[in-house]
Protein chains: 2
Amino acid sequence: MKFDDKIPIYYQIKQYIYKEIIINHLTPGSKVPAVRQLALDLAVNVNTVQRSLRELISEGVLESQRGKGNFVTTNPEILNNLRKNIVEEQLSLMYDHLASLQLTPDEMIQALTEYVNKRKETHHG
Amino acid sequence: MKFDDKIPIYYQIKQYIYKEIIINHLTPGSKVPAVRQLALDLAVNVNTVQRSLRELISEGVLESQRGKGNFVTTNPEILNNLRKNIVEEQLSLMYDHLASLQLTPDEMIQALTEYVNKRKETHHG
DNA sequence: CTTTGTGTACTAGTTTTCTAATACACTATA
DNA sequence: TATAGTGTATTAGAAAACTAGTACACAAAG
């Protein structure tokens, strides 16, 4: 896994696990790979993984069972909000950045529309 | 100035100066506040400011005149691309994040539209 | 009870970011 | 020439993030 060196690795791992849950690579109630295995897979230290998991557990996204493993929550409320929260966080980040450049909401939507169209063309060519 | 503790301060200062130029608080050819003054204003160390400026200078966004100050470039090409590049960087970041959550481009536009509408309502109330 | 696989805790150490202090170089002004 | 204001460079150190190794706790299976 490649990391952005401007953002703490533990934080990027959290985001990664959120995404794995959201896109159903990790299903509710299923077991997350063992911390040592995750550390190998992601090529980081066990403690860095552990820090990510600790926060996910405290948020209720994962549930720890000592000696058994960490499991994706089956709590419907948490699961339902997960995707919504992550998407909204991204939108909010972009909104704030572009608003500080004095773009209006309409200009943002237009800019995004043009951007995705440009990407479509590029990927066709 | 408040900083996001997950991103290097020197990098956030760079972004801040980009924005100041884009929204014309710093005009082409004008003098950027002295490094020591900037350090005071932003409540960070001179060297942290200096690192930001060094990169901006190497990018051609600022031009250094030893003993006189740092000045916003008057190079039209650099100035014209500045806003475009920053906006596109934000769009790209959001696009990649949401694409990894399996949102389609159309869903992104819809999500953004809903988000800005929600913000309008909130700000009205 | 032993072994294996798991999460957790602790201590130490490296790396990066940021801070701090200082010295030096150039410009303008008098 | 002296002084003040500016950018630049260097060195050292502090703080935070990350790594590394080890030990311990719990569960399951034999």
Side-chain angles (χ1 to χ4, degrees), chain A residues 1-18 20-21 26-75, chain B residues 1-18 20-21 26-75:
Chain A
M1 180 167 175
K2 57 163 181 29
F3 295 106
D4 180 340
D5 67 4
K6 293 199 186 53
I7 302 173
I9 292 178
Y10 84 91
Y11 190 80
Q12 296 182 64
I13 293 175
K14 272 186 71 177
Q15 301 292 320
Y16 167 73
I17 294 175
Y18 283 137
E20 289 293 293
I21 296 173
L26 290 172
T27 55
S30 70
K31 187 172 165 307
V32 172
V35 285
R36 290 170 181 78
Q37 187 59 47
L38 263 180
L40 282 177
D41 293 347
L42 303 174
V44 299
N45 189 271
V46 178
N47 298 310
T48 307
V49 171
Q50 183 62 20
R51 174 159 182 190
S52 309
L53 297 190
R54 194 189 314 138
E55 295 199 1
L56 290 166
I57 290 164
S58 77
E59 293 169 9
V61 174
L62 299 183
E63 290 168 5
S64 172
Q65 296 185 31
R66 196 178 189 118
K68 299 174 76 174
N70 292 306
F71 299 82
V72 179
T73 184
T74 54
N75 181 317
Chain B
M1 181 169 174
K2 55 161 184 28
F3 295 105
D4 179 342
D5 67 4
K6 294 198 186 53
I7 303 175
I9 290 178
Y10 84 90
Y11 191 79
Q12 296 182 63
I13 293 175
K14 272 187 70 177
Q15 302 291 321
Y16 167 73
I17 294 176
Y18 283 137
E20 288 293 294
I21 295 173
L26 290 172
T27 55
S30 69
K31 187 172 167 305
V32 173
V35 285
R36 292 170 181 78
Q37 187 59 49
L38 262 181
L40 282 177
D41 293 348
L42 303 173
V44 300
N45 188 272
V46 178
N47 299 310
T48 307
V49 171
Q50 183 61 19
R51 174 161 183 189
S52 309
L53 297 189
R54 195 190 313 138
E55 295 198 1
L56 290 167
I57 290 164
S58 78
E59 293 168 10
V61 175
L62 298 184
E63 291 168 4
S64 172
Q65 295 185 32
R66 195 177 189 120
K68 298 175 74 176
N70 292 304
F71 299 82
V72 178
T73 184
T74 54
N75 183 317

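Naming convention: chains lettered A, B, ... in sequence-line order (proteins, then strands); numbering from 1 in each chain.
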Visitor: Could you tell me which residues satisfy side chain to side chain donor-acceptor pair (under 3.5 Å) with B:N45, sequence neighbours excluded, listed by chain and number?
Guide: B:N47
Visitor: Do side-chain atoms of B:Q12 reach the backbone of B:D4 as a donor and acceptor pair under 3.5 angstrom?
Guide: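 Yes, because the side chain of B:Q12 sits within donor-acceptor range (under 3.5 Å) of the backbone of B:D4.
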Visitor: Please work out if A:V46 contacts a base, only the sugar-phosphate, or nothing of the nucleic acid, heavy-atom cut-off 4.0 Å.
Guide: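 Counting heavy atoms under 4.0 Å across all strands, no contact is made by A:V46.
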Visitor: Side chain of A:I9: nearest nucleotide among D:dA17, D:dT19, D:dT8?
Guide: D:dT19
Visitor: Using salt bridge (charged side-chain N to carboxylate O under 4.0 Å, His left out) as the criterion, list what pairs up with A:E63, not counting sequence neighbours.
Guide: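 Scan of A:E63 (salt bridge (charged side-chain N to carboxylate O under 4.0 Å, His left out), adjacent residues dropped) gives none.
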Visitor: OP1 or OP2 of D:dT19 less than 4.0 angstrom from a side-chain nitrogen or oxygen of A:T48, does that happen here?
Guide: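 A:T48 to D:dT19 OP1/OP2: side-chain N or O found under 4.0 Å.
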Visitor: Can you give one letter per nucleotide of nucleotides 21-30 of chain D, 5' to 3': B if a protein heavy atom sits under 4.0 Å from the base, S if only from the sugar-phosphate, - if neither?
Guide: B-B-BBSS--
Visitor: On DNA chain C, which is the earliest and which the latest nucleotide, 5' to 3', with an atom closer than 4.0 Å to a heavy atom of chain B?
Guide: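 Footprint of chain B along DNA chain C, 5' to 3': C:dT17 to C:dA28.
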Visitor: Taking OH from A:Y10 and P from D:dA16, how many angstroms apart are they, rounded to a whole number?
Guide: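 Checked: the OH to P distance equals 13 Å.
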Visitor: Taking only residues two or more places apart in sequence or in another chain, which ones pass side chain to side chain contact (heavy atoms under 4.5 Å, CB included) with B:T27?
Guide: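 Applying side chain to side chain contact (heavy atoms under 4.5 Å, CB included) to B:T27 gives B:N24, B:S30.
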Visitor: Suppose we screen for side chain to side chain donor-acceptor pair (under 3.5 Å). Which residues come up paired with A:K31, at least two apart in sequence or across chains?
Guide: none
Visitor: Tell me, please, which residues at least two apart from B:E59 pass salt bridge (charged side-chain N to carboxylate O under 4.0 Å, His left out).
Guide: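 By the salt bridge (charged side-chain N to carboxylate O under 4.0 Å, His left out) rule, B:E59 matches B:K14.
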Visitor: Specify the separation, in whole Å, of atom CZ of B:F71 and atom P of D:dT6.
Guide: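 Interatomic distance, CZ of B:F71 to P of D:dT6: 10 Å.
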Visitor: Specify the separation, in whole Å, of atom NZ of A:K6 and atom C1' of D:dC18.
Guide: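 To the nearest whole Å, that distance equals 17 Å.
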Visitor: Please convert DNA chain D into dot-bracket. A pair counts if it is Watson-Crick or G-U wobble with both distances under 3.5 Å; crossing pairs go in [ ] and bases paired with another strand get |.
Guide: ||||||||||||||||||||||||||||||
Visitor: Quickly work out the B:R51 CZ to D:dT10 C1' distance and round it to whole Å.
Guide: 16 Å
Visitor: Could you tell me which residues satisfy side chain to side chain donor-acceptor pair (under 3.5 Å) with B:D41, sequence neighbours excluded, listed by chain and number?
Guide: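 B:D41 satisfies side chain to side chain donor-acceptor pair (under 3.5 Å) with B:Q37 only.
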Visitor: Please state how far atom CZ in A:F3 lies from atom P in D:dC18, giving the value in whole angstrom units.
Guide: 10 Å
Visitor: Between D:dA16 atom C1' and B:D4 atom CG, what is the distance in whole Å?
Guide: 14 Å
Visitor: Going by heavy atoms in the side chains, are A:V72 and A:L62 under 4.5 Å from each other?
Guide: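 A side-chain contact exists here, since the closest heavy-atom pair is under 4.5 Å.
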Visitor: Could I get the full list of side chain to side chain contact (heavy atoms under 4.5 Å, CB included) partners for B:V35, not counting sequence neighbours?
Guide: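 Expected list: B:V46, B:V49, B:Q50, B:L53, B:N70.
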Visitor: Kindly write out the residues that satisfy side chain to side chain contact (heavy atoms under 4.5 Å, CB included) with A:Y11, not counting sequence neighbours, or none if the list is empty.
Guide: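 A:Y11 satisfies side chain to side chain contact (heavy atoms under 4.5 Å, CB included) with A:I7, A:P8, A:Q15, A:E89, B:K6 only.
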Visitor: Figure out the CD1/C1' separation between A:I13 and D:dA17, and round it to whole Å.
Guide: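 Rounded to the whole Å, the gap is 12 Å.
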Visitor: Any donor-acceptor pair under 3.5 Å linking the side chain of B:T48 with the backbone of B:Y10?
Guide: no
